[in-house]
Structures are given as structure tokens and as C-alpha cells.
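One structure is given here, and the rest of the page talks about it.
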There are 2 protein chains.
Amino acid sequence: MANPPTIKEIAKRLNLATSTVSRALHNHPRIGLRTRMQVQALARELQYEPNRTAIFFQQKKTFTLGIILPELSEAFFSAAISGIEDTANKSDYMVLLGQSHDDTEREKKIAHIMKDHRVDGLLVSLAKNTVDYSHFEMLQKYNIPVVFFDRIPDLTDIHYVACNMESGTLQAVSLLLEKGHRVIGMINGPEELIASRQRTTGYQQALRKHRLKYDATLNINSDLTGKGTREAMKQLLSNKRKVTAIVAFNDYVSQDAVQYALEQGLQIGKDITFVSYANLPLSSYMAFPPIASVEQYPYLQGQKATEILLELLTGKQAKNEFRHVVLDSRLVIR
Amino acid sequence: MANPPTIKEIAKRLNLATSTVSRALHNHPRIGLRTRMQVQALARELQYEPNRTAIFFQQKKTFTLGIILPELSEAFFSAAISGIEDTANKSDYMVLLGQSHDDTEREKKIAHIMKDHRVDGLLVSLAKNTVDYSHFEMLQKYNIPVVFFDRIPDLTDIHYVACNMESGTLQAVSLLLEKGHRVIGMINGPEELIASRQRTTGYQQALRKHRLKYDATLNINSDLTGKGTREAMKQLLSNKRKVTAIVAFNDYVSQDAVQYALEQGLQIGKDITFVSYANLPLSSYMAFPPIASVEQYPYLQGQKATEILLELLTGKQAKNEFRHVVLDSRLVIR
DNA sequence: CTGTTAGCGCTTTCAG
DNA sequence: CTGAAAGCGCTAACAG
């Protein structure tokens, strides 16, 4: 078996045209049963395997979806990618991976490479401080559809799947209010993220319902690093009023915040209470897990986003209208 | 810009042969400076981009590496994949992802799809109960080199990168012995895994050094599930002798084991002490982290494995000899 | 029902 | 220094 057998090889041996062989292999209706059988038998015997790179080239399709996301070591994204992979595989698509590591430059570079590799479509969750979307607009020019998920750009003429953080935040803050907390700090994410602004809105809604006034000094934008979290905590704990509860951006941030609180001699659950987002399995390992966490359905988001992308690719979905799927986040009390 | 510009297009406009354009673009030495400049200028102007699928087809290379690993949501593997991705990208290779979810059947299927997609090479970490390696032998037939990492098959005629668990285990058990523990339980992995057997050896070595006798009933093979861990713990805690320390297969297992111990009313760090493997960031979140954890260098393993694969692909590495890179695991005391 | 022909975009002999 | 021509493996339009 020097060179893998081709369709030509089969044709020659059977004295047929390559086109006939191709059709027979594809069970084309207008091919005689006899020849079809012959061809398929020989193909099996020679262990013929179509050369996909030839097909990709010829059909201008690679059956490959590119994924750009910030960081697989964040449990949210590793769950999301499973949803993506499972859904893609069901339709015989493969997944090309690219981590931006939350760096816009890298994100751009990956977008270009993905384009060069001629992925059929792209699934993207933005790096946390990406505000320039030119590298995605570029993709439109190449007719490569993009579906964003979770960390989506602030644009309307795009396809996306996301979780609305308002509902979950409303529930989270309400829970704290019902437990009697009156001064609730919020460690929010970078302002660039839509999700950060939604958290603010949800927070405000909850206060309004309870006829309490919103105090902007209790809502801190942080960069989600350990350092940023500590600074946010420092600010919150030095607020004029005594903060008794914290809404942390996610379970990792919550963990860092807890750490800081402990260092300040606070007792978790007594002096200060935490809720957060993501509802990651990691919280079951934590010494002081948040009392509740807002579920963001990573697997589902990945799945939905991929379904939309596949519809776009198979033309089931009109390309001129933009799909916006918004899941409601939901508080999970432990 | 209906259809992306091709080399042909450029040739026509400049009244050149496509071959000349191709050469000019590649800075072929025997092309006149003038024409080279002309071509490159026009290429830039038209925003020419080579059609990689054509090149892949023609060169029989896809500049794509396939990755098959058990589960990205395990921190070890998400770290490893970063090492892989970074190294691959440096050489302009992309990464096709496939998770086996620790299921041999899925692993086989993915191996076939990867072959169909004509990946240039494959990086593999085995599903936990894979014992039949026929799907990897199949790849050799197609001249697709495979480099295994971490969870490697028990074969010698393969390339691999792995961590030797003996050294780390020796250190871990020694630490416990030095702290005065005399009855040390071990929650080991499935027997199929080489790493499980290495742990056993390391454990025995440590005992021997301290002139203690090995007791097989203290070394339990488990399936690494939560349930399996609980059963292993139950067995260990009902041993004739009183177990005062546990060596857990990894930080996740350690966590489950701690949970069980707590339920049995044991005090962690007093009645019973834990050490484990992986040294994952997650342990910093844990309520009762192991007092030490054996580092297994996921990023480095991914990096090394990829380097070897790339050498194989660029022919720098003789294909007839097999590369075995073994890193020594090392105990990290918290 | 099957064959002929052309072509996808690029590289690479072989000629000149 | 440049051109002509072939070919990678496959599909598809067009003929019969």
C-alpha cells in the first residue's frame, strides 16, 4: 500500500470512468446496481478512503468550525467547548481550537489564521477587553459566518447566544435582601462587557423592588484578576457603610474575595456573605463557597451557538437576519 | 470582491505565467527583481491570499495537528492543551480538538475522523480504560505520526512524553513516613494505567527505605469516579490497622476522599492526612487541601510532545527510532 | 445508465 | 529569467 488508492485507480481496474465510480460510491440513483456493487466491493477491498483535502478544495468547504475563546482552564469555557464539539461532531464537523488568553492581539491573529485555514464558520467568545471588532468584520468579507457566545460584542448585526445576567442578578440580590442584607457590594467586571452592565441593571432592579436607593460606590468594576479583586474588596470594605454581602463576578472572583475577607479577620457567613456566578463544580471544592451562584449554562450556550452556525452553513437559516438567543440566567442556591 | 483573487488573476493582469507569479510570491531567487516587485505590489493591492486548501491538497499537508484527550474540564488537560497550542502555533500549525470523554469507543471514532481530515500528526492522551491500541496502529499505516503524552499506552515502539510517578510517589510517601505515619492508604487508579503501577512502585520504594513491609490491602485500585473513591475509602478505613494518611490519585480524588472522611466524623489533618497528585490550582480553593501534591507538568508535557511531533513532521527526527521523554514528577509541599 | 471534459488553485518539472 | 504544461483527487455539467 504505497499510495492510498484513488477513485481513478478503481476506475481503471474496472474499466469505468472516474465519474461513474464517484457516483457509484455516493449511491447516485442513476447508476446500475451491478456496477455500483462492483465499485463498492472493490473500494472496500482496496480500503479506499476519499481524500478529504481534495474534496475540501473542490467543494470550497472544510467541515471545520473554528473556536476562539479566552481560556480553556476556566471551567465555564471547557464546559462550553464540550457543547460545541458534541454538536459539531453530530453533523460531521470538526473543531479547530484557538485560545485568545484574553488578549485582543492574539484574538486577532487567531481570527486571521482561522480564515487562512478556511474554516467554514467561527464560534467566538471575546477576550475580556476587546472593543475593536474589525477582525470579525473582516471575516464577513470572506463569507465566514460568526456566531458569538457568552462574551459577545456590543453590536446588533451579529448572531449570538448569551445569558442575560439581569434575571440572575435580580434573583441573587433579592436573595440577599430577603436575608436582611442592606448594604450589598458588587464586584463587577470590566465595563466593556455587556454582562457587566446587565449585572448592574439587575442589581438596581432588585434594590428598586425593595425600595432601596442605588449607591454607585458599592458597584466596583474590576479586571477579574486576583489583584483587581483584592482592590475591589478593599474599596468595598472601606465604604462609609458596612458591607455585609458581596455579589462576586464569578466563582473564581468569589474565591479571591473570600480570601481577602478572611485576611481582614472577617467571618464568612457571619460578618459577610457571598453570592456569585457560574455555578462551577469548583465551588463544591471550596472551603467557603458562595451561598448561591448564578447558572450560565455553558454547555447549552455552546450547543445553541453551534446549532445556529450550522444552520447558517446549511442555508436553513436566512443570512440576512441575525439570530439573537438569550437564555435567562438562574440563581442556584446551594 | 466577488471571488477572492487567485494567482491566475494576478498572472493575467500582468501578462505573466501563473508559475512566474507563484515564484515571485515565494521570493524565488531566479525571478527578476522588477517582476517580483510588480507581482507583490499587485498581490497586496488585490489583497491576494493564497488558498490554503489548494495548497494542503497539493502538498498533501494540512498544517494541522489532531489532539485526542480525555476531558478538557480536567485542569490537567486544559493546561496541557495550552502547551500544545502555543507550541504548534509557533510553527504555524493549528490544533484540531477531540475529547474522548474517557470512552474508548469515542476515542476510536475520533482517531478515524482525524485521519479522514488528514491531520499531519496526532497528540494523544489515552482514555482511562483503553487497552486496545488498534486504532493507533491504523494511523501508522497512513503515515500519521502519533506522540502520546501523560496517559500513554504500555508499548515501547511509540513516541511519548510522560511523567514518572515513581519519584513523586516516593517523595510523597516519604513525607508521610517522616511525619510519623505508619499505615498509609493509597487510592490508586485503574491497573491499566502505567501511572498506577508506577505509583505502586514508588510507594513500595518508600516503605522499603524505611524498612517497612508492603501491605497490598492498603493499595486500592479505583476507577477515579466519586463513587469509586468512596468505596476505596470505605475499604481503607475498615482495614485491620488504622489508616492515618491517604495518598490520593489526584486532587479531585483527594477532594472526594476528604468529603467521605468528614462524613465519617474524622478530622482532617488530625485523624487523617492527605497528599495527592496534580498540584492543580483548584487545591488553593479547597477547604481541606492535601498537605502536598505531586506536580505533573501538564503544560510542559504538552509542549514537549508537540515539539517531538513537529520534529517528526519536519524530518529532523529519524522516524525509525522512538522518542521517550520521561519527566520526573516532584512533590510540592504547600 | 455511463463517458467525456473541464476545472477547483497551486506547485513543479521541463523547456526555452 | 520566464513560460507551458501537467497533475494533485475529486465532482459536476454536458453529452450521449
Side-chain angles (χ1 to χ4, degrees), chain A residues 1-40 42-43 46-64 92 115-120 142-143, chain B residues 1-40 42-43 46-64 92 115-120 142-143:
Chain A
M1 208 232 281
N3 289 344
T6 71
I7 227 170
K8 203 178 188 176
E9 175 78 17
I10 298 182
K12 202 187 301 173
R13 295 217 198 189
L14 258 38
N15 271 319
L16 289 171
T18 58
S19 51
T20 308
V21 175
S22 173
R23 288 182 190 116
L25 254 14
H26 286 148
N27 284 318
H28 186 114
R30 318 188 306 198
I31 290 289
L33 185 62
R34 249 191 76 80
T35 44
R36 186 188 316 182
M37 289 323 228
Q38 270 188 131
V39 169
Q40 299 195 352
L42 183 57
L46 297 182
Q47 301 202 57
Y48 167 77
E49 311 256 1
N51 181 339
R52 305 254 182 238
T53 61
I55 298 177
F56 295 164
F57 169 47
Q58 206 270 137
Q59 315 256 302
K60 299 178 193 307
K61 272 201 79 178
T62 58
F63 291 93
T64 301
D92 290 315
K115 175 212 66 183
D116 290 342
H117 265 250
R118 295 284 211 270
V119 294
D120 292 338
Y142 287 89
N143 268 312
Chain B
M1 206 232 281
N3 290 343
T6 70
I7 228 169
K8 206 178 185 176
E9 175 78 15
I10 298 181
K12 204 187 299 175
R13 296 217 198 190
L14 259 37
N15 271 318
L16 289 172
T18 58
S19 49
T20 309
V21 175
S22 172
R23 288 184 189 113
L25 255 12
H26 288 165
N27 286 317
H28 187 116
R30 315 187 309 196
I31 290 290
L33 185 62
R34 250 191 77 80
T35 45
R36 184 189 317 181
M37 288 324 225
Q38 272 188 129
V39 169
Q40 300 196 351
L42 184 57
L46 298 182
Q47 302 202 57
Y48 166 78
E49 311 257 0
N51 181 338
R52 304 253 185 247
T53 60
I55 299 176
F56 294 165
F57 169 47
Q58 206 266 139
Q59 316 255 290
K60 301 181 193 306
K61 271 202 79 178
T62 59
F63 291 94
T64 302
D92 290 315
K115 174 212 65 182
D116 289 342
H117 266 249
R118 296 285 212 270
V119 294
D120 292 338
Y142 287 89
N143 268 312

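First the proteins, then the strands, lettered A, B, ... as listed; each starts at 1.
- Look at CG on B:Asp116: it is 15 Å from C1' on D:dG9, rounded to the nearest Å.
- Rounded to whole Å, atom P of D:dC10 lies 11 Å from atom CD of A:Glu9.
- Counting non-hydrogen atoms of other residues, nucleotides and ligands closer than 6.0 Å to NZ of A:Lys12 gives a total of 12 or fewer.
- Put simply, the side chain of A:Tyr48 reaches to within 4.5 Å of the side chain of A:Ile7, judged on heavy atoms.
- Look at CG on A:Asn27: it is 14 Å from P on C:dC1, rounded to the nearest Å.
- The nearest pair of heavy atoms linking B:Ile31 to B:Arg36 is O-NH2, 3.2 Å.
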Base versus backbone protein contacts along nucleotides 9-16 of chain C [heavy-atom cut-off under 4.0 Å; B, S, -]: BBBBBB--
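- Ring centroids of B:Phe56 and A:His117 are separated by less than 6.0 Å, placing the two rings close together.
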Stepwise side-chain contact (heavy atoms from CB on, under 4.5 Å) check, A:Asn51 with A:Thr6: CA-CA 8 Å; A:Asn51 181 339; A:Thr6 71; over 6 Å; no
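- We find that CG of B:Leu33 is positioned 10 Å from P of D:dT2, with the value rounded to whole Å.
- With B:Leu16 as reference, B:Val21 is the one residue of B:Val21, B:Ile10, B:Leu42 to meet the side chain to side chain contact (heavy atoms under 4.5 Å, CB included) rule.
- Rounded to whole Å, atom P of D:dC10 lies 19 Å from atom NZ of A:Lys61.
- Atom CG of B:Asn15 and atom P of D:dC1 are 20 Å apart (whole Å).
- As judged by a 4.0 angstrom heavy-atom cut-off over every strand, B:Thr53 is placed among residues making no nucleic acid contact.
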